[in-house]
Asks: 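I have a structure here, written as structure tokens, and I will follow up with some questions on it.
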Amino acid sequence: MPEPLEPVEEGRAIAATGAGGATDLAMEEGETLEKTPGGPKGTGPESKARSLWSDAWHDLRRNPVFIISGLIIVFLVIIAIWPSLIASGDPLDCDLSKAQEGSQPGHPFGFNGQGCDVYTRTVYGARASIQVGVFATLGVTLLGSVLGGLAGFFGGAWDGLLSRITDIFFAIPVILGGLVLLSVVSNNTVWPVIGFMVLLGWPQISRIARGSVITAKQNDYVQAARALGASNSRMLLRHITPNAVAPVIVVATIALGTYIALEATLSFLGVGLKPPTVSWGIDISSASPYVRNAPHMLLWPSGALAITVLAFIMLGDAVRDALDPKLR
């Protein structure tokens with residue numbers, strides 16, 4: 001005959017064992033097991049796994065390269081939208097009597113060859129460069145992602161046709177194409193330059209998007225959705241695009257700085273933006289003949305251009321490191 005169980009003190013919990021006996025546990029231990037039924041700390045149902053984007057954001061917030069480049073870009077965007085916050089002058093207000101003069105009170109960067117304040121023109125030049133870079137990147141990303149994504153998803157004749165078209169565009173030198181296409185444009189706005197960059201820039205994004213979609217559509221969850229009868233549009237929007245867009249974002253972020261440098265190059269050659277538009281490329285072009293006598297005319301706009309391009313490249317590198325699982 002089994003022995004009777006001993007009375008249990010208040011504050012103790014009893015758990016039956018497989019052998020028919022009894023094991024008393026502290027009440028605190030019982031509560032702990034109830035809170036974490038899945039096992040050790042961090043493995044229970046209350047511990048949720050981070051997604052790719054939340055995990056990337058978690059890494060980016062702790063990356064000093066991302067923080068520094070992000071602050072620089074935010075500052076550049078602010079002065080591009082509201083240049084009057086830090087520059088009270090008029091970039092087109094020039095005085096020939098002060099041409100090529102150096103730094104003076106109220107004019108820390110000196111004057112250019114036409115007597116315009118270099119500081120004011122450097123600040124206002126950020127607007128055209130940022131505008132060209134942002135809108136060109138958006139246009140290239142949208143067009144390239146749609147064409148490349150559809151080619152990678154459907155394949156067949158559409159994929160072959162797009163591949164041959166991209167090969168043709170890759171064979172066109174960008175600078176030479178800009179000299180030919182933009183030399184016949186008389187419009188002084190930024191839109192012809194943006195259109196040219198979208199026209200010749202989409203094949204790169206298209207190749208990246210095509211490869212990402214081909215890789216993503218081979219995953220098991222896409223095959224399961226197809227087996228369950230999901231439509232092509234649902235698979236593209238719900239299952240493939242969220243898992244294929246990361247490489248496109250990385251390349252587009254780095255390309256934004258490249259487009260800003262390309263705009264400055266085309267403006268320097270005289271086929272990009274044209275006066276009276278204020279641009280770093282235009283100022284660099286006008287200052288190059290006087291680099292020996294008045295180097296300050298070239299130093300400040302070229303320095304602003306270099307910092308801007310470097311900031312976007314650093315941002316792209318930080319985003320790549322955060323989104324690429326192979327680098328973890």
Side-chain angles (χ1 to χ4, degrees), residues 68-137 182 186-194 197 256-313 315:
I68 294 174
S69 60
L71 291 176
I72 295 174
I73 292 172
V74 169
F75 173 74
L76 290 171
V77 171
I78 290 176
I79 66 172
I81 299 175
W82 299 290
S84 59
L85 291 176
I86 61 174
S88 58
D90 186 354
L92 302 179
D93 185 12
C94 306
D95 185 359
L96 286 176
S97 63
K98 298 180 179 180
Q100 301 184 31
E101 292 185 1
S103 177
Q104 298 179 3
H107 306 280
F109 293 176
F111 299 88
N112 64 6
Q114 289 76 38
C116 304
D117 183 30
V118 176
Y119 171 77
T120 303
R121 291 187 63 86
T122 301
V123 173
Y124 275 81
R127 172 177 292 177
S129 297
I130 296 295
Q131 187 176 4
V132 169
V134 169
F135 283 101
T137 302
L182 295 177
S186 59
N187 195 329
N188 293 331
T189 63
V190 301
W191 299 110
V193 179
I194 294 174
M197 293 181 181
L256 200 157
T258 305
Y259 293 139
I260 293 177
L262 178 60
E263 177 273 318
T265 303
L266 295 174
S267 299
F268 178 84
L269 296 175
V271 296
L273 302 180
K274 301 176 179 63
T277 304
V278 181
S279 168
W280 290 331
I282 295 175
D283 287 354
I284 294 173
S285 177
S286 61
S288 57
Y290 310 100
V291 63
R292 292 185 178 180
N293 300 328
H296 66 275
M297 295 169 49
L298 181 65
L299 174 63
W300 298 110
S302 59
L305 174 64
I307 292 174
T308 302
V309 175
L310 179 61
F312 280 104
I313 293 177
L315 180 68

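Nothing fancy with the numbering, it's 1 onward along the sequence.
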Asks: Should Gln104 and Phe111 count as side-chain neighbours, where that means a heavy-atom distance under 4.5 Å?
Replies: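 Touching, per the 4.5 Å side-chain cut-off.
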Asks: Quick one: closest heavy-atom pair of Tyr119 and Phe109, and the distance?
Replies: CA-CD1, 3.3 Å
Asks: Measuring from atom CE of Met197 to atom CG of Leu266, what distance do you get when rounded to the nearest 0.5 angstrom?
Replies: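 So the CE of Met197 and the CG of Leu266 are separated by 5.5 Å.
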Asks: Are Val278 and Arg127 packed together at the side-chain level, in the sense that at least one heavy-atom pair is separated by less than 4.5 angstrom?
Replies: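 Of all side-chain heavy-atom pairs linking Arg127 with Val278, none is under 4.5 Å.
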Asks: Looking at every non-hydrogen atom in both residues, tell me the closest pair between Ser69 and Ala311 and how far apart they are.
Replies: CB-O, 3.4 Å
Asks: So which atom in Ile282 and which in Pro275 form the shortest heavy-atom distance, rounded to 0.1 Å?
Replies: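 Heavy atoms of Ile282 and Pro275 come nearest at CD1-N, 3.9 Å.
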Asks: Which is it for Tyr290 and His296 under the side chain to side chain contact (heavy atoms under 4.5 Å, CB included) test, yes or no, and what are the steps along the way?
Replies: CA-CA 9 Å; Tyr290 310 100; His296 66 275; over 6 Å; no
Asks: Rounded to the nearest 0.5 Å, what separates atom CG in Leu96 from atom SG in Cys116?
Replies: 8.0 Å
Asks: Once you round to the nearest 0.5 Å, how far does CG of Asp283 lie from CG of Asn112?
Replies: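 If I round to the nearest 0.5 Å, the distance is 6.5 Å.
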Asks: Has Ser288 got a side-chain atom pairing as donor or acceptor with Ser285's backbone, closer than 3.5 angstrom?
Replies: yes
Asks: What distance separates Ile313 CD1 from Thr308 OG1, expressed to the nearest 0.5 Å?
Replies: 11.0 Å
Asks: What is the ring orientation for Trp191 with Phe135, classed by angle as parallel under 30°, tilted 30 to 60°, or perpendicular over 60°?
Replies: perpendicular
Asks: Can you spot which of Thr189, Val190, Ile194 makes a side chain to side chain contact (heavy atoms under 4.5 Å, CB included) with Pro192?
Replies: Thr189
Asks: If you look at every heavy atom in Gln114 and Cys94, which pair is closest and at what distance?
Replies: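 The answer is O-CB, 3.2 Å.
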Asks: In Å, rounded to the nearest 0.5 Å, how long is the span from OG1 of Thr277 to CG of Leu92?
Replies: 9.0 Å
Asks: Is any side-chain heavy atom of Ile260 closer than 4.5 Å to a side-chain heavy atom of Leu305?
Replies: yes
Asks: Nearest 0.5 angstrom please: Leu262 CG to Ser129 OG, how far?
Replies: 11.5 Å
Asks: Identify the heavy atoms of Gly110 and Asp117 that sit nearest to each other, and give their distance.
Replies: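 Between these two residues, the closest heavy atoms are O-OD1, 3.3 Å.
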Asks: Does the side chain to side chain contact (heavy atoms under 4.5 Å, CB included) test come out yes or no for Phe312 and Ile130, once each step is laid out?
Replies: CA-CA 11 Å; Phe312 280 104; Ile130 296 295; 4.1 Å; yes
Asks: Write down the atom of Val271, the atom of Leu182, and the distance for their closest heavy-atom approach.
Replies: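 In terms of heavy atoms, the two residues are closest at O-CB, 3.2 Å.
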Asks: Would you check if Trp280 and Leu273 make a side-chain contact, meaning some heavy-atom pair closer than 4.5 Å?
Replies: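 Of all side-chain heavy-atom pairs linking Leu273 with Trp280, none is under 4.5 Å.
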